[in-house]
Protein chains: 2
Amino acid sequence: MKDPRPCSIADTLALVGEKYSLLVLREVFLGARRFDQLARNTGAPRDILTTRLRRLVDAGVLEKAAYSERPTRHEYRPTPAGLELEAVLMTLMAWGDRHLRTDDDRPMVIEHICGHELLPAVTCSACGGEVRHEDLTAHPQAPGWTVTGPTAA
Amino acid sequence: MKDPRPCSIADTLALVGEKYSLLVLREVFLGARRFDQLARNTGAPRDILTTRLRRLVDAGVLEKAAYSERPTRHEYRPTPAGLELEAVLMTLMAWGDRHLRTDDDRPMVIEHICGHELLPAVTCSACGGEVRHEDLTAHPQAPGWTVTGPTAA
DNA sequence: CCAGGTGGGTTTGATTTTCCAACCCACCTT
DNA sequence: AAGGTGGGTTGGAAAATCAAACCCACCTGG
């Protein structure tokens, strides 16, 4: 069955939501950009890595760039669109640090240029307030968009 | 092979990164909390949905609550930890709206309590600045954590 | 009392993906 | 020429997904 709900969350996940895709982006952001590094650091089987990279390049999230000819060698770099996905990774990391770990066994700490440890917050860019569930209201813009589903009121 | 990199991003994805899990959360946040609604609105096969829900409940992201006895009926509600994952979904949605669509065919608009459309931004909670890749520095806290991988400098 | 409907699943068997190891090729180094 | 490295491809076994059918408890209408 197809996802009956038109939605940018679903569309984005269709692109980067497969196993390893976001881990590949993590590595690329950290600076590990070559095939063998990506395979080692993500744990992805090499054939799967090949298909994930192809998809991310086709979608314009990564680009394949030569860093040497003779011998031909290349690496995968984030595009501007790809860089914006780092926000998703930071948010995921923060959630895991808070809920999957007891304090101070965090495997990685990100430092912000302001000098403090990065504790990312998702805010409303209009008012600057932190996003809380009870402050949000969803407005469907397209058909097929009822809360209860196709058959209900 | 196991993921050789200890990382909260990987751990969080291991929990909510399987196909349909985040779509289930989307629906729960929107208010569709019953098995049949979730199956319809996410497109997940019912058996897969069963295993995803079990996992999310076991992990403390959702809870199964009775809204009627005789007949026994229940729904899946987000826990406080689950609610915090809404930030991830908002960030994914914003990315998809920006990069996967031409303006104004967005299937959903979220309104913030401040009265404006929610355009979420990920910010540093210490300084309030928006998170940009070049402002971040990663600090490994655990072994196995070099940029280039186990065999490199 | 029986027929049908609804919520919430489980079962079955076919189809896809993933996985892992091995292999391949071009190029470099010794 | 022998071996190493980067960057993959190939083959077959194992695991996950899929759709449809089935099941059960409970309710409702006739």
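So you know, we letter chains A, B, ... as the sequences are listed, proteins then strands, and number each from 1.
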Under the salt bridge (Lys or Arg N to Asp or Glu O under 4.0 Å) test, residues paired with B:R55 that sit two or more places apart: B:E18
Residues within residues 50-58 of chain A bordering DNA chain D, heavy-atom distance below 4.0 Å: A:T50, A:R54
Side chain to side chain contact (heavy atoms under 4.5 Å, CB included) against A:D97, all qualifying residues, sequence neighbours excluded: A:M93, A:R101, A:R106, A:P107, B:S8
Polar atom pairs between nucleotides 28-30 of chain D and protein, under 3.5 Å, N or O only, would you list them?
none

Interatomic distance where CD belongs to A:E69 and P belongs to C:dA26 [whole Å]: 18 Å
All pairs passing side-chain hydrogen bond (donor to acceptor under 3.5 Å, both in side chains) where residues 79-96 of chain A contributes a residue, at least two apart: A:E84-B:R98, A:E84-B:H99, A:E86-B:H133
Those residues that, when tested against A:T102, pass side chain to side chain contact (heavy atoms under 4.5 Å, CB included) (two or more places apart): A:D105
Selection residues 55-81 of chain B - residue pairs positive for ring pair (Phe, Tyr, Trp, His ring centres under 6.0 Å), sequence neighbours left out: none
Residue-phosphate contact under 4.0 Å: A:Y20 side-chain N/O, C:dC19 OP1/OP2: yes
For A:E63, side-chain hydrogen bond (donor to acceptor under 3.5 Å, both in side chains) partners two or more places apart: none
Protein-nucleotide distance (B:I48, atom CD1; C:dG8, atom P), rounded to Å: 19 Å
Can you name the atoms? Protein N/O to nucleotides 11-14 of chain C N/O, anything below 3.5 Å, with the distance.
none

Under the side-chain hydrogen bond (donor to acceptor under 3.5 Å, both in side chains) test, residues paired with B:T123 that sit two or more places apart: none
Pairs involving residues 111-131 of chain A, ordered by first then second residue, that meet ring pair (Phe, Tyr, Trp, His ring centres under 6.0 Å) (sequence neighbours left out): none
Any residue meeting side-chain hydrogen bond (donor to acceptor under 3.5 Å, both in side chains) with A:R132, in chain and number order, not counting sequence neighbours: A:E134
